[in-house]
Amino acid sequence: MKNLNRILGSLFIFASGILYTIERITARLSSALVDVGFVLNSGSSIGWTDPPDFSDNYYILLFLLLGFILFIISFVQQSTHK
């Protein structure tokens with residue numbers, strides 16, 4: 001059971017990182033497309049918009065928290081079974 005908790009914990013932390021990375025990439029692409037439209041139409045740039053904050057997507061925080069909780073549970077189970 002403790003190995004299952006470690007595997008699930010690492011998968012949730014990994015999923016959190018992947019979701020955050022995908023969110024940042026799409027925000028950058030969206031900002032770049034908007035900027036290209038302004039440059040083509042008016043000749044001036046608006047610059048980069050603010051990237052998404054870490055707490056904007058609740059799934060990222062939920063997966064990260066769940067992953068850490070599963071890791072802690074697995075280490076507590078390991079220390080009590082020795």
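In what follows, every heavy atom counts, from backbone to side chain, and hydrogens, waters and symmetry copies are set aside.
A distance of 12.5 Å separates CD of Q77 from CD1 of I72, quoted to the nearest 0.5 Å. Distance OG/S16 to CG/L61: 7.0 Å, rounded to 0.5 Å. Rounding to the nearest 0.5 Å places CZ of F68 at 4.5 Å from CD1 of I13. Distance check, rounded to the nearest 0.5 Å: CG of L70 to CG of L11 gives 10.0 Å. Atom CG of L4 sits about 11.5 Å away from atom CZ of R6, to the nearest 0.5 Å. Here the straight-line distance linking atom CG of L65 with atom CD1 of I60 works out to 13.5 Å at 0.5 Å rounding.
Proximity of a side-chain donor or acceptor of T26 to a complementary backbone N or O of I22 within less than 3.5 Å is detected. The closest donor-acceptor contact from the side chain of S31 to the backbone of A27 lies at 3.5 Å or more, if one exists at all. Remark: side-chain polar atoms of S74 are not paired, donor with acceptor, to backbone N or O of N5 under 3.5 angstrom. T80 contributes a side-chain N or O that, together with a main-chain N or O of V76, makes up a donor-acceptor pair within less than 3.5 Å.
The aromatic rings of F75 and F71 lie parallel to each other, with less than 30° between the two planes, well short of the 60° mark.
Here the side chains of N57 and Y20 are not in contact, with every heavy-atom distance at 4.5 Å or above.
Linking Ile, Leu, Val, Met, Phe, Trp and Tyr whenever their side-chain heavy atoms come within less than 4.5 Å puts Y59 and F12 in one cluster.
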